[in-house]
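For reference, the structure discussed in these notes is given below.
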Protein chains: 2
Amino acid sequence: MARRNEHSKPELRALAIGTVRTLVAEQGLEKLSVREVARRLGYAPAMLYHLFDNLDDLILHVNADTLDSLLDRMDAASGMENPEAALTAMAHYYLDLSRAQTPLWQLVFEHRMANGAEVPAWYARRTRSLFLIVERQLQRLAPWATEEERRLGARTLWGGLHGICVLQANNKLDVAGDADPRAMVDSLLRHYLADWSATTNRSPGDASRHGDGA
Amino acid sequence: MARRNEHSKPELRALAIGTVRTLVAEQGLEKLSVREVARRLGYAPAMLYHLFDNLDDLILHVNADTLDSLLDRMDAASGMENPEAALTAMAHYYLDLSRAQTPLWQLVFEHRMANGAEVPAWYARRTRSLFLIVERQLQRLAPWATEEERRLGARTLWGGLHGICVLQANNKLDVAGDADPRAMVDSLLRHYLADWSATTNRSPGDASRHGDGA
DNA sequence: AGCCCTTTTGAACACTGTTCAGAAGGCGTG
DNA sequence: CACGCCTTCTGAACAGTGTTCAAAAGGGCT
């Protein structure tokens, strides 16, 4: 019962990743287990440990695929002439992923490493570039802003977007009346960007930027 | 080995909730288990099922306590004369909780019910009042805004704040250089509120609200 | 003293991720 | 062709999880 050799090791890895994707998409996060993935593949559970270090490692590979497709779409939008429109398109991709592929999205953003281990470099690179893409648009939007201001702005804006997606994915929005996540995202982008780009081209300590300070 | 009767049923419930709080605060979410809670209480695991329906029910009671103390502090801030200052104070409470009590905060906001069950009404009431408190401040800030606008604004603003806290709690901010969560929260509130309160007192379809509309 | 009724438990069930000795099978060499 | 090697793969076990339930243990009442 060894070496059927129907597939090479990289093929098996891709097969396992795909199995997790469909399993999670179909049944949700709770049904994901090593034994179920192995069962669907037609192998014994222990075999998966020859392809990946452990379940966390397998999940990280699945998440890398998800992030890659998200980053690809965001990169494609970064070429738009209007940076505000580019950011809006990117935010919509982000939100759409959390809506259309909620379990896969949760697997990316709500999975925690066991025993508090650090995420490997090949994975951290992807999350890092997410913020970089946003920063690049902020630079186009307000070239006068300092790098520090751009970094803060990108993290604030995308952190805020992330929060809306989190609430959406967890069905926390229909409590006390429905709220349209799309409208929330648009509201966040429009209002935040408007005042951010309008006020960051002043000296940092200028308290009178809003007309009447305090 | 039955009926020591050292404590009444409500006392035991409070004891169990307290045990979970200290256990989670000390060891983190991963170490929380029925068996460990029972061990610390000096009882057999099965006894806990006479106090609570299941682990989810116990966790919900713990979370209700956490939410109550948060809501109390937010309520206290709602009396400030400046609604913008009140919202800022509330947001800082929210962030501080996610920083000083990260595991307890995660237990509240990242715990999902098993088998997708609905949260009970006595719990949903608390999460609902969180948004209501924010809406009340938005009403003071922009009395001319419609209820619809206030609801959208409150969810957008607090969803955004929530996202920053999520990133903070998951250590996703120090990727690619540290970002101060406090500065992010302040940035979000200042910029969003400034443009939100400045533009919501127009007719809904007014495209020229930002001076030059695209 | 005997009964009842609540409180509490031990043991079991069905899961989970992970490890590891050893089996199974393809491949190169004698 | 046969032998041995080496990779692939598995079965079984370990330690853990939430949950259930018959039965035991003990306090209170008649």
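Quantities reported herein were computed from a predicted structural model and do not represent experimental measurements. Labels below follow one simple rule: chain letters A, B, ... track the order of the sequence lines, proteins then strands, and each chain is numbered from 1.
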Derivation and outcome, side chain to side chain donor-acceptor pair (under 3.5 Å), residues A:S187 and A:Y192: CA-CA 8 Å; A:S187 172; A:Y192 183 81; over 6 Å; no

Working for ring-ring contact (aromatic ring centres under 6.0 Å, His included), residues B:H162 and B:W105: CA-CA 11 Å; B:H162 182 70; B:W105 190 86; 5.4 Å; yes

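- At a cut-off of 3.5 angstrom, the base of D:dG16 holds no donor-acceptor pair with the side chain of B:R35.
- In this structure, CD of A:E6 is placed 13 Å from C1' of C:dG26, rounded to the nearest angstrom.
- Per the geometry, CD1 belonging to A:I59 stands 13 Å off C1' belonging to C:dT16, to the nearest Å.
- Only B:Y43, B:A44, B:A46, B:M47, B:H50, listed by number, bring a heavy atom of residues 40-56 of chain B to less than 4.0 angstrom from any atom of DNA chain C.
- Residue A:R126 forms a side-chain contact (heavy atoms from CB on, under 4.5 Å) with just one option from A:L67, A:V108, A:N63, and that option is A:L67.
- Residue-environment remark: CD (A:E11) exceeds the threshold of 12 foreign heavy atoms within 6.0 Å.
- Between the NZ atom of B:K31 and the C1' atom of D:dG18 there is a distance of 17 Å, given to the nearest Å.
- Comment: B:E110 engages A:R112 in a salt bridge, judged by a side-chain N to carboxylate O separation of less than 4.0 angstrom.
- Rounded to whole Å, the distance from NZ on A:K9 to C1' on D:dT8 is 9 Å.
- Under the 4.0 Å criterion applied to side-chain N and carboxylate O atoms, B:E135 and B:R155 are assigned as salt-bridge partners.
- The separation between B:D57 atom CG and D:dT19 atom C1' is 14 Å, rounded to whole Å.
- Taking atom CD of A:Q27 as the reference point, atom P of C:dT16 lies 12 Å away to the nearest angstrom.
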